[in-house]
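All chains are named by letter (A, B, ...) in the order of the sequence lines, taking the proteins before the strands, and each is independently numbered beginning at 1. Given the structure is predicted, the values throughout are model-derived calculations rather than measurements. All values below come from the heavy atoms of this structure, side chains included, with hydrogens, waters and symmetry mates left out.
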Protein chains: 2
Amino acid sequence: MKPKLTLKQIAKELDVSISTVSKALRDSNEIGEDTRQKIKAFAKLYNYKPNNIALSLKNRKTKTIGIIIPEIVHHFFTTVISGVEKVANERGYNVLVCLSDNSFDKEVLNMEMLANGSTDGFIMSLAKETMQKQDYHHLMEAINHGMPLVLFDRVVDEISCDKVIIDDVIGAKKAVQHLLDIGCKRIGLISTVDYVSVGKLRTKGYKEALQENGVALDEDLILKIEEIENSEREIEDFIAGKKLDGVFAVNEHFAISAIKAIQENGLRVPEDVSVIGFTDGELSKRFIPSLTTVSQHGERMGEEAATMLIEKLERSATEDEHYKTIIVEAGLVTRNSTKS
Amino acid sequence: MKPKLTLKQIAKELDVSISTVSKALRDSNEIGEDTRQKIKAFAKLYNYKPNNIALSLKNRKTKTIGIIIPEIVHHFFTTVISGVEKVANERGYNVLVCLSDNSFDKEVLNMEMLANGSTDGFIMSLAKETMQKQDYHHLMEAINHGMPLVLFDRVVDEISCDKVIIDDVIGAKKAVQHLLDIGCKRIGLISTVDYVSVGKLRTKGYKEALQENGVALDEDLILKIEEIENSEREIEDFIAGKKLDGVFAVNEHFAISAIKAIQENGLRVPEDVSVIGFTDGELSKRFIPSLTTVSQHGERMGEEAATMLIEKLERSATEDEHYKTIIVEAGLVTRNSTKS
DNA sequence: TTTCAACACGAAAACGTTTGCGTCCCAGTA
DNA sequence: TACTGGGACGCAAACGTTTTCGTGTTGAAA
């Protein structure tokens, strides 16, 4: 077990000073041609690689970006990570992943862990509990300490920072409009409680689409799910009574639960009821019938977020202090859960 | 934008030396009671947190574990990460995630990036290309430099290190046995090429189960998929000609493709053909019919891997130099794609 | 022969910690 | 009074870099 080679060891081995080795390896012309070659040859031979930790300490940057998300066993988040990783990798950054488990405390803890030098900046989607408590002091603190922050998906107006979101309202509108276009009259909405911003926004899109098409809003056709655990039951009950011919669900699980419930009621999808879900998961493609969805383009969001963050990191810090919000468009992907 | 508080600043502010501050904060009894209190109060007031990078440099350990996997948009791997993250978090470690994209070169690059001080040890599942080339020099190098390595799922005999695997052979046997038990006579196997170890092992289990039950092996009923891209076509063709009454697929995708193909052939699942897949993905639970699967217990594997790694990290390095292989049992989860 | 620039290299500080050891001062003892 | 011991603190090295600023040597010009 040989320990890692350091500048000091090279210096001793070649009987020069540490600074000479460092300069030679960085091709400084302060060092004579012959010693430079000798040192570089030696370094290559023994596969010298500078120690990242020492570099981080010296440069006060870690070339690492921290990403904190509520959960990872979730297709959307993994696609986002994938996007982040891709551009991070291209630009020489590493990705530190932390999970908040939707818990406010864990989110704060994770941020504190990473903020003490482990990370140059953050990419985050907020925990449900955080949005509920509306306590964002940990975010403020990071920003105050000069750590760039990019929020995605679960964002919040109170914090001014870069953001990457999907046009939830428009996406939902597209979906509902599509349902209307194929002739649906009684369109149900399966959403989440309003403090989850996406739930609120997608509900808004649903309402706007109805309004623009002159369809009266029937609050009775809207189901708001609080506990994910009981969602299947709630959805069954909801589907059973409403005589719907269209369903718009704010996520994939709800959409699939809806389809199951519909089928259990002896109706067919899409012949009797058309169903559209928000989120473009693996499930949607492979389910039978495959789901018509509003695609979130997670990978794209991840790429945008990472690009913004790295750009901010590599700018001279003091420069422009204004924030962008990138809206990635949501696209309707028609498959087999809607009539054509 | 106030920069982070350091020992030096506290020292200046309180007009003591840096070492006094450090010792006071670490409750050394070298420091007088009153100054100690004063310093601790000040530190708490201004929320001092030691800089991780400096600590890493000094202690030569980063409290970070690197995990390198082929891809992240894959349910099994996310559950593993989830497990790793859980125990890492409990024990004060961070998790650095890198994706190899199944490319040998990216895997090597990632390892080199992380090996230079970013990480104390590795948890890896090997890239397909790596297993193909059988080039493990990067793994050897990490081990030689004293960085513990835990391999999971896609492991390899040539490397001696800790491993976490599933009993693929037994798992596959369980599945095929179950198919035999419910009366299947012509059981097809949809596998991968043999250099993917799991493909080989699960194939072995398939063969053993048949043999133990006195069923003659018909190589014609075995399909080996090379390119994931064309898998659907290949599976369709395979299913069409064989008159199977049972199918065992080595992963979820193949299983679902098989079900689709079966249904397109006018047959019913599970009435006419029973299907079992390896891997316990989200898809399996929610697909219609929901899939009978051999569960891999990814989270459990992640936990085991992380525990082994951390234990090795925190032992005095020189201690026992023997390696464990943990085998987590694969459980059959019967759902609706098999007759009962 | 003296002077001076150019060249090639080394010393040292800095990043933020921890820690072994030295030093100062004061009280207690002989 | 002189010596000793210990309490309370500071110095400095170390982790592995990079970089600024010396410094010594050489060769050529005056």
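First and last contacts of DNA chain D with chain A, using any nucleotide atom under 4.0 Å from a protein heavy atom and ordered 5' to 3', fall at D:dC15 to D:dC21.
Residues satisfying the salt bridge (charged side-chain N to carboxylate O under 4.0 Å, His left out) criterion with B:Lys63, sequence neighbours excluded, are B:Glu314. Scored by the salt bridge (charged side-chain N to carboxylate O under 4.0 Å, His left out) test, A:Arg300 finds A:Glu304, A:Glu329 as partners (sequence neighbours excluded). Here A:Glu129 pairs with nothing under the salt bridge (charged side-chain N to carboxylate O under 4.0 Å, His left out) rule; sequence neighbours left out. A search for side-chain hydrogen bond (donor to acceptor under 3.5 Å, both in side chains) contacts involving A:Gln37 returns A:Glu33, not counting sequence neighbours. In this view, B:Lys128 satisfies the salt bridge (charged side-chain N to carboxylate O under 4.0 Å, His left out) rule with no residue, not counting sequence neighbours.
Taking 4.5 Å as the limit, some side-chain heavy atom of B:Glu311 sits within range of a side-chain heavy atom of B:Arg91. Two residues are said to be in side-chain contact when any heavy atoms from C-beta on lie closer than 4.5 Å; A:Asn110 and A:Ile68 meet this criterion. In this structure the side chain of A:Leu309 reaches within 4.5 angstrom of the side chain of A:Ile65, judged on heavy atoms.
Less than 4.0 Å separates DNA chain D from at least one heavy atom of each of the following residues of residues 35-58 of chain B: B:Thr35, B:Leu57, B:Lys58. Near DNA chain C, meaning a heavy atom under 4.0 Å from it, residues 8-20 of chain B has B:Lys8, B:Ile18, B:Ser19 in order of number.
Distance, A:Ile31 CD1 to C:dC7 P: 13 Å, rounded to whole Å.
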When you compare the protein's N or O atoms with those of nucleotides 21-27 of chain C, which come within less than 3.5 Å of each other, and at what distance?
unit_1	atom_1	unit_2	atom_2	d
C:dC21	N4	B:Glu30	OE2	2.9

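For residues 103-152 of chain A, the ring pair (Phe, Tyr, Trp, His ring centres under 6.0 Å) pairs, not counting sequence neighbours, are A:Phe104-A:His138. Pairs of residues two or more places apart, or lying in two chains, that qualify as side chain to side chain donor-acceptor pair (under 3.5 Å) and include a residue from residues 154-165 of chain A are A:Asn102-A:Arg154, A:Asp162-A:Lys312.
Using the six-membered ring where Trp is involved, A:His74 and A:Phe77 have ring planes that are perpendicular, over 60° apart on the 30 and 60° scheme.
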- Would you check, one step at a time, whether the test side-chain contact (heavy atoms from CB on, under 4.5 Å) holds for A:Thr35 with A:Lys38? CA-CA 5 Å; A:Thr35 27; A:Lys38 187 178 60 177; 4.2 Å; yes
- Task: Apply side-chain contact (heavy atoms from CB on, under 4.5 Å) to A:Cys98 and A:Ile67, showing your working.
- Result: CA-CA 6 Å; A:Cys98 284; A:Ile67 165 162; over 6 Å; no
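Contacts of A:Thr6 with the nucleic acid, taken as non-hydrogen atoms under 4.0 Å apart, involve only primed sugar atoms and P, OP1 or OP2.
Other residues, nucleotides and ligands contribute more than 12 heavy atoms inside 6.0 Å of the NZ atom of A:Lys4. Around the CG atom of A:Asn47, the shell of radius 6.0 Å holds more than 12 heavy atoms that belong to other residues, nucleotides or ligands.
Recorded end-axis angle for the helix from C:dT1-D:dA30 to C:dA30-D:dT1 stands at 90°, based on five pairs per end and rounded to 10 degrees.
Within the 4.0 Å cut-off from OP1 or OP2 of C:dT19, at least one side-chain nitrogen or oxygen of B:Arg26 is found.
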